[in-house]
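The first residue in the sequence is number 1, and the count goes up from there. Just so you know, these numbers come straight off a predicted model, no measurement behind them.
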Amino acid sequence: MIKTTDMILEELQSYANPKTKLSRMVKQGKYFQIARGLYETDKNVPGHLLAGSIYGPSYISFEYALGFYGMIPEAVYTITSATFEKRKKKKYETAFGTFTYRDVPSAAFPLNIRLIQEGSYFYRIAEPEKALCDQLYTMPPAKNIKLLAELLFDDLRIEETELLKLEIEKIVFLSDRYHSTNIKKLISMIRKMR
């Protein structure tokens with residue numbers, strides 16, 4: 001369970017020095033620091049369940065979401081999340097993994113996100129179409145569809161069959177919110193492949 005420093009200190013108020021007691025509890029392995037002011041009670045909790053609490057508002061996206069949906073063959077160990085209007089990329093190295101956060105356009109941020117529950121934890125993750133749009137938005141523009149195909153199939157190693165499973169209507173809907181030539185080329189490319 002995720003707890004803030006304030007929550008824990010409130011629970012420990014009967015002690016003479018709650019902050020010292022918290023420090024001892026961390027050393028004893030009763031609490032595990034996630035980030036400044038944030039603790040977890042279970043050292044084995046998967047990192048993706050904590051991503052939204054570390055820095056937000058945010059949702060899991062980019063390479064991690066593409067791996068989550070099986071669109072790329074490699075396992076992705078850094079948990080990548082989208083934010084908006086933060087203006088700089090953030091990175092957190094924790095006992096639960098590496099977390100990175102980067103901006104997407106404000107107009108695109110709240111769209112096409114799933115809320116998933118695992119046990120008592122909830123997390124937000126981009127739908128496959130949105131995760132791909134987020135990824136392409138952060139990459140340099142491909143000059144043509146052939147170069148975009150190389151970017152998708154060689155660099156990102158997305159499976160062609162997985163790409164064709166995407167709902168093009170969702171990508172078209174999202175494309176106006178990104179103003180990205182990569183996403184516009186993606187729409188043309190998928191239409192030609194079908």
Side-chain angles (χ1 to χ4, degrees), residues 1-11 22 31-72 75-140 156 158 166-167 169-180 182-184 186:
M1 169 186 274
I2 299 168
K3 292 187 175 187
T4 65
T5 303
D6 291 341
M7 289 167 70
I8 298 168
L9 293 177
E10 178 74 25
E11 292 171 6
L22 173 56
Y31 288 110
F32 305 92
Q33 189 165 22
I34 304 168
R36 188 174 176 197
L38 204 59
Y39 295 86
E40 171 57 46
T41 57
D42 178 2
K43 71 175 181 173
N44 298 313
V45 71
H48 68 275
L49 300 178
L50 306 175
S53 298
I54 292 172
Y55 191 66
S58 65
Y59 60 86
I60 296 168
S61 190
F62 307 106
E63 302 94 340
Y64 193 88
L66 294 173
F68 176 87
Y69 292 118
M71 291 183 67
I72 55 177
V76 179
Y77 297 104
T78 297
I79 299 157
T80 50
S81 296
T83 56
F84 71 101
E85 294 180 6
K86 303 291 187 192
R87 306 221 187 325
K88 63 181 185 177
K89 198 173 170 182
K90 284 269 195 187
K91 184 176 186 178
Y92 295 87
E93 298 277 350
T94 76
F96 298 93
T98 302
F99 300 83
T100 60
Y101 300 82
R102 64 177 90 136
D103 273 356
V104 296
S106 300
F109 181 83
L111 306 171
N112 298 78
I113 299 170
R114 295 177 179 166
L115 180 65
I116 297 178
Q117 181 177 3
E118 276 184 38
S120 62
Y121 295 86
F122 289 87
Y123 65 95
R124 291 188 298 273
I125 188 166
E127 291 181 349
E129 295 82 2
K130 171 99 178 262
L132 184 56
C133 287
D134 285 347
Q135 183 68 41
L136 289 174
Y137 172 76
T138 62
M139 301 179 93
L156 292 174
I158 290 176
L166 298 178
E167 292 180 43
E169 302 78 27
K170 287 184 179 180
I171 299 169
V172 170
F173 170 74
L174 289 167
S175 125
D176 291 338
R177 280 112 181 133
Y178 285 94
H179 306 291
S180 163
N182 282 345
I183 297 169
K184 288 182 181 11
L186 173 67

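With hydrogens and angles ignored, the 3.5 Å screen pairs no side-chain donor or acceptor of Thr78 with any backbone N or O of Thr80. Formation of a donor-acceptor pair under 3.5 Å by the Lys90 side chain with backbone atoms of Thr100 is not found in this model.
Here Ser120 pairs with nothing under the side-chain hydrogen bond (donor to acceptor under 3.5 Å, both in side chains) rule; sequence neighbours left out. Residues forming a side chain to side chain contact (heavy atoms under 4.5 Å, CB included) with Lys86 (at least two apart in sequence, or on another chain): Tyr55, Pro57, Thr83, Asp103. Judged as a salt bridge (Lys or Arg N to Asp or Glu O under 4.0 Å), and not counting sequence neighbours, Lys184 has no contacts. In this structure Tyr69 satisfies the side-chain hydrogen bond (donor to acceptor under 3.5 Å, both in side chains) test together with Arg114, sequence neighbours excluded. Not a single salt bridge (Lys or Arg N to Asp or Glu O under 4.0 Å) links Glu40 to another residue, sequence neighbours left out. In this view, Thr5 satisfies the side-chain hydrogen bond (donor to acceptor under 3.5 Å, both in side chains) rule with no residue, not counting sequence neighbours. Under the rule for a salt bridge (Lys or Arg N to Asp or Glu O under 4.0 Å), Glu118 has no partner lying at least two apart in sequence or in another chain. Partners of Glu10 according to the salt bridge (Lys or Arg N to Asp or Glu O under 4.0 Å) rule, which considers only residues two or more places apart in sequence or in another chain, do not exist here. Pro110 is linked by a side chain to side chain contact (heavy atoms under 4.5 Å, CB included) to nothing, counting only residues two or more places apart in sequence or in another chain. Tyr39 meets the side-chain hydrogen bond (donor to acceptor under 3.5 Å, both in side chains) test with no other residue; sequence neighbours excluded. Phe122 is linked by a side chain to side chain contact (heavy atoms under 4.5 Å, CB included) to Leu115, Gln117, counting only residues two or more places apart in sequence or in another chain.
Val45 is not listed as a side-chain neighbour of Phe32, based on a closest heavy-atom distance of 4.5 Å or more. Counting only heavy atoms from C-beta outward, the side chains of Leu156 and Met139 approach each other to under 4.5 Å. The closest side-chain heavy-atom distance from Leu49 to Pro46 is below 4.5 Å. Inter-residue side-chain proximity for Ile54 and Phe96 is flagged as unmet; no heavy-atom pair is nearer than 4.5 Å. Ile125 places a side-chain heavy atom less than 4.5 Å from the side chain of Phe68. Annotation: side chain of Leu186 is in contact with side chain of Leu132 (closest heavy-atom distance under 4.5 Å). Looking only at side-chain heavy atoms (C-beta outward), Lys88 and Arg102 stay at 4.5 Å or farther from each other.
Of the candidates Phe109, Tyr123, Tyr64, Phe109 is the only one forming a ring pair (Phe, Tyr, Trp, His ring centres under 6.0 Å) with Tyr59.
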Steps toward side-chain contact (heavy atoms from CB on, under 4.5 Å) verdict (Tyr121, Ile2): CA-CA 9 Å; Tyr121 295 86; Ile2 299 168; 4.2 Å; yes
Stepwise side-chain contact (heavy atoms from CB on, under 4.5 Å) test for Asn182 and Gln135: CA-CA 10 Å; Asn182 282 345; Gln135 183 68 41; over 6 Å; no
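Within the structure, side chain to side chain donor-acceptor pair (under 3.5 Å) contacts touching residues 169-178 (residues at least two apart or in different chains) are Glu127-Lys170, Asp134-Tyr178.
Between Ala51 and Ile60 the shortest heavy-atom distance is CB-CG1, 4.1 Å. Here the closest heavy-atom approach between residue Asn44 and residue Asp42 is recorded as N-OD1, 2.8 Å. Here the closest non-hydrogen pair linking Tyr101 and Ser58 is CE2-OG, 3.7 Å. Taking every heavy atom of both residues into account, Thr138 and Phe62 meet most closely at CG2-CE2, 3.6 Å. Taking each heavy atom of Ala108 and Lys130 in turn, the nearest pair found is O-NZ, 2.7 Å. Across all their heavy atoms, Ala131 and Ala126 have their closest contact at N-CB, 3.7 Å.
Here the straight-line distance linking atom OG1 of Thr4 with atom CZ of Arg36 works out to 13.5 Å at 0.5 Å rounding. Atoms CD1 and CG, from Ile34 and Leu50 in turn, are 4.5 Å apart once rounded to the nearest 0.5 Å. The distance from the CG atom of Leu174 to the CG atom of Asn112 is 4.5 Å, given to the nearest 0.5 Å.
Salt-bridge formation is detected for the pair Lys91/Glu93: a Lys NZ or Arg NE/NH1/NH2 atom is positioned less than 4.0 Å from an Asp or Glu carboxylate oxygen.
Within 6.0 Å of CE in Met1 there are 12 or fewer heavy atoms belonging to other residues, nucleotides or ligands.
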